[in-house]
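These numbers come from the heavy atoms of this one structure, side chains and all, not from hydrogens, waters or symmetry mates. When a ligand or atom number is given, it counts from 1 through the structure's own listing order.
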Amino acid sequence: MEAGQDVIGTKTAAITSSCSCCGHADLRLRRVLWPALIQEWELAPAEAAYIDRQQGLMCARCGSNLRTMALAHALLTHFDYAGVFSDFVVSPAAASLAVLEVNEAGMLTTFLKRLPRHTLIRYPESDMTKLAFADRSFDVVVHSDTLEHVPDPIAGLRECRRVLQARGICAYTVPIVVDRLTRSRKGLPPSYHGTPANPGDHLVHTEYGADAWKDPLLAGFAECRIIAREYPAGQALVAVRRD
Ligand SMILES: [Zn+2]
């Protein structure tokens, strides 16, 4: 898809021209979806094009893709930081933040690791629905394209909320097909992300749509914001715990 092309009747606003993580301006698009996945997901050509852009538009310097940039952008927006993510993580504003990363959030791990109070846990040693941390341990929980693989995503988000302090946030991405509603793949043939050669543990339980905001509210969060780095290809959700 070329920058500015129509996406289901909607002009793509604010095309990403530089990396939110490192600031580099050389971004390269490669196709990542394969025909069987497009078919299982029942994506129209324009939908496949923007999901490809979300997963396959990469920074030539740091390797972040658009979904990683969207997550970085959401955190920068939430913390009102006017700069790139590589500067944010070493800033005084970020030094006190206790951050839990659930599975490597794409290339964002490289940057999050520079935070003095960063904790990374991984599936299958750690399960998002049973986190081994005390209540209110963190200021931020981050995950990227993980929730759609959790059999009970609301239970996963409820756990994320439990380990957050008041005013803490869960910032995450899931692939969102913006013109349809969320559906469970229960009863449908199995569909995997990952790669065709190595589907691994990436069985998809939930295909998120326009109502992706409901799950964090059902899990007890007070607020869910959708922050766009680029619509519709690059969005992240920020769920806020009130008290
Ligand atoms: Zn970069």
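- Under the 4.5 Å side-chain criterion, counting only non-hydrogen atoms from C-beta, L66 is in contact with T16.
- Checked by atom type, the side-chain pair E101/T109 shows a donor-acceptor distance below 3.5 Å.
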ask   = Would C19 and M69 count as a side-chain contact (heavy atoms from CB on, under 4.5 Å) if you check the C-alpha gap in whole Å, the side-chain angles of each, and the deciding distance to 0.1 Å?
value = CA-CA 7 Å; C19 177; M69 293 178 208; 4.2 Å; yes

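- Counting heavy atoms from C-beta outward, F85 and L75 have side chains that approach closer than 4.5 Å.
- The Zn ion (ligand 1) has an N, O or S atom of C59 inside 2.8 Å of it.
- For a distance bound of 2.8 Å, the N, O or S atoms of C21 include none lying that close to the Zn ion (ligand 1).
- Centred on the Zn ion (ligand 1), the angle running from C62 (SG) to C19 (SG) is recorded as 100°, rounding to 10°.
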